[in-house]
**Q** 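Here it is: the structure, laid out below.
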Amino acid sequence: IGFQTLVVSGTAQSITPTEGATSAIFQVESTNAIDAIRYRQDGPAPTSTVGIFQGNTAVIELTTAENIRNFKVIAGAGAGTTQLNIIYFK
């Protein structure tokens with residue numbers, strides 16, 4: 001039902017889901033192959049060294065509206081340009 005591209009920075013960010021989204025699939029696209037992003041979906045913000053890390057081409061799936069609301073992401077500790085390509089579903 002929707003698509004978003006989010007450029008990930010050194011400050012924790014939330015996503016902006018499409019109205020009514022109940023699940024989402026993300027693909028990480030980064031020049032930093034190993035530590036492109038860190039994320040959390042339990043509420044608190046990740047830091048560049050705390051959170052689940054994912055590298056370039058990783059796929060993340062969120063399966064509930066609550067996980068979508070709680071999702072926060074930050075650039076990993078390594079240098080590079082990173083974006084998330086996100087598809088939202090009902």
**Q** Would L6 and F89 show up in the same hydrophobic cluster when neighbours are defined by side-chain heavy atoms closer than 4.5 Å?
**A** no
**Q** Among I37, V73, V59, exactly one meets side-chain contact (heavy atoms from CB on, under 4.5 Å) together with Q54. Which residue is that?
**A** I37
**Q** Counting distance only, does the side-chain N/O of N85 pair as donor-acceptor with the main-chain N or O of T5 below 3.5 Å?
**A**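 No: the side chain of N85 does not pair with the backbone of T5.
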**Q** Quick one: list whatever passes side-chain contact (heavy atoms from CB on, under 4.5 Å) with T18, sequence neighbours left out.
**A** I1, Y88
**Q** With rounding to the nearest 0.5 angstrom, report the OG1 to CD distance, T64 to Q41.
**A** 7.5 Å
**Q** Do N70 and D42 have side-chain heavy atoms sitting under 4.5 Å apart?
**A** no
**Q** Count I, L, V, M, F, W, Y as connected when their side-chain heavy atoms are under 4.5 Å apart, and connections chain through other members. Are I68 and Y39 then in the same cluster?
**A** yes
**Q** Can I86 be reached from I60 by stepping across I, L, V, M, F, W or Y side chains whose heavy atoms are under 4.5 Å apart?
**A**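 Hydrophobic grouping puts I60 with I86.
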**Q** Hey, does T82 have a side-chain heavy atom less than 4.5 Å from the side chain of V28?
**A** yes
**Q** If you define the side chain from C-beta out and look only at heavy atoms, does anything of E29 sit under 4.5 Å from T57?
**A**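 No - every pair of side-chain heavy atoms lies 4.5 Å or more apart.
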**Q** Within the distance-only criterion (no hydrogens, no angle test), does the side chain of E61 pair as donor or acceptor with the backbone N or O of S23 below 3.5 angstrom?
**A** no
**Q** Does I25 belong to the same Ile/Leu/Val/Met/Phe/Trp/Tyr cluster as L84, with side-chain heavy atoms less than 4.5 Å apart forming each link?
**A** no
**Q** Taking atom NZ of K90 and atom CD of E19, what is their separation to the nearest 0.5 Å?
**A** 8.0 Å
**Q** How close do G10 and A75 get, heavy atom to heavy atom, and via which atoms?
**A**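 Closest approach of G10 to A75: N-CB, 4.2 Å.
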**Q** Does F71 reach the side chain of F26, with side-chain heavy atoms less than 4.5 Å apart?
**A** yes
**Q** Check whether any side-chain heavy atom of V50 lies under 4.5 Å from a side-chain heavy atom of R38, and answer yes or no.
**A**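 Counting from C-beta outward, V50 and R38 never come under 4.5 Å.
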**Q** Does the Q4 side chain pair with the main chain of T16, one donor and one acceptor, at a distance under 3.5 Å?
**A**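 The answer is yes, because a donor-acceptor pair under 3.5 Å joins these two groups.
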**Q** Which atom pair, heavy atoms only, marks the closest approach of A21 to A65?
**A** O-CB, 3.8 Å
